[in-house]
Amino acid sequence: MFHMFFCFDLKPGIPLVEFRRDFTEFTEHMRSRGLVEGSSPIGERQSDTILDTDEERAHQYFAIMTFRDRAQADAAVDFIQSKEEPGNGIHVRAYSKVQDPIFICWQDT
């Protein structure tokens, strides 16, 4: 499996419930097109524990998207960059609510 972790903050005034709805809609749209296997629930960072050692970032939220393989992940990127509707509008609706996103990808070994 190929995974994409992303951490982010929400833009001021954006409620988490609104972003969660849009993120779920985007994930379901991508799944219906065979472009993602799924995503984790949105997590809220708990930086007040000794287990959280990342001092470079202070992002509040995170999630993971999972792909069957790198080819599926690359196809998802191609689809997003094509700006094909209705996918583009769904993606923009979710992505426009975040700020300072960081993306990290890895493949299971």
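For the single chain, residues carry numbers from 1 onward in sequence order.
Ring orientation note: the planes of Tyr95 and Phe103 are close to parallel, at an angle under 30° on the 30°/60° scale.
Contact record, Phe67 with Ala76: CE2-CB, 3.9 Å, taken as the closest heavy-atom pair. Nearest heavy atoms, Gln99 versus Pro12: OE1-CD, 3.8 Å. Nearest approach of His59 to Arg45, heavy atoms of both residues: O-CD, 3.1 Å. The heavy-atom pair separating Ser40 from Ala63 by the smallest distance is OG-CA, 3.5 Å. Contact record, Ala73 with Phe2: CB-CD2, 3.6 Å, taken as the closest heavy-atom pair. The minimum heavy-atom distance between Cys7 and Arg57, with the atom names listed, is SG-CD, 3.9 Å.
Checked by atom type and distance alone, the side chain of Gln46 pairs as donor or acceptor with a backbone atom of Glu44 at under 3.5 Å. Side-chain N or O atoms of His3 include none that pairs as donor or acceptor with a backbone N or O of Ile64 at under 3.5 Å. Under the 3.5 Å distance criterion, the side-chain polar atoms of Lys11 are matched with a main-chain donor or acceptor of Ser96. Listed for the Asp9 side chain is a donor-acceptor partner under 3.5 Å among the backbone atoms of Gln60.
Partner of Val36 under the side-chain contact (heavy atoms from CB on, under 4.5 Å) criterion, chosen from Arg31, Arg68, His29, Glu28: Arg31.
By the rule that hydrophobic residues join a cluster once side-chain heavy atoms approach within less than 4.5 Å of another member, Val98 and Leu16 end up as members of one cluster. By the criterion of side-chain heavy atoms lying less than 4.5 angstrom apart, applied directly or through intervening Ile, Leu, Val, Met, Phe, Trp or Tyr residues, Phe62 is not grouped with Met65; the two fall into different hydrophobic clusters. Under a hydrophobic clustering in which Ile, Leu, Val, Met, Phe, Trp and Tyr are joined whenever their side-chain heavy atoms come within less than 4.5 Å, directly or via other members, Phe5 and Ile102 fall into the same cluster.
Taking OG1 from Thr27 and CG from Leu35, the interatomic distance works out to 11.5 Å, rounded to the nearest 0.5 Å. For the atom pair Asn88 CG and Ser82 OG, the distance stands at 7.5 Å (nearest 0.5 Å). Put simply, CE on Met1 and CG on Asp108 are 7.5 Å apart, with the number rounded to the nearest 0.5 Å. Once rounded to the nearest 0.5 Å, the distance linking CD1 of Ile90 with CD of Glu25 reads 4.5 Å.
Looking only at side-chain heavy atoms (C-beta outward), Glu18 and Leu10 stay at 4.5 Å or farther from each other.
Sparse packing is recorded around CZ of Arg70, with 12 or fewer heavy atoms of other residues, nucleotides or ligands lying under 6.0 Å away. The number of heavy atoms from other shown groups lying within 6.0 Å of NZ (Lys83) does not exceed 12.
Between Phe6 and Phe23, the gap from one ring centroid to the other is short of 6.0 Å.
For the residue pair Gln72 / Asp69, no side-chain donor-acceptor distance below 3.5 Å is found, with atom types taken as modelled.
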| Run the side-chain contact (heavy atoms from CB on, under 4.5 Å) check on Ile80 and Phe26 step by step: do they pass? | CA-CA 11 Å; Ile80 291 168; Phe26 173 67; 3.8 Å; yes
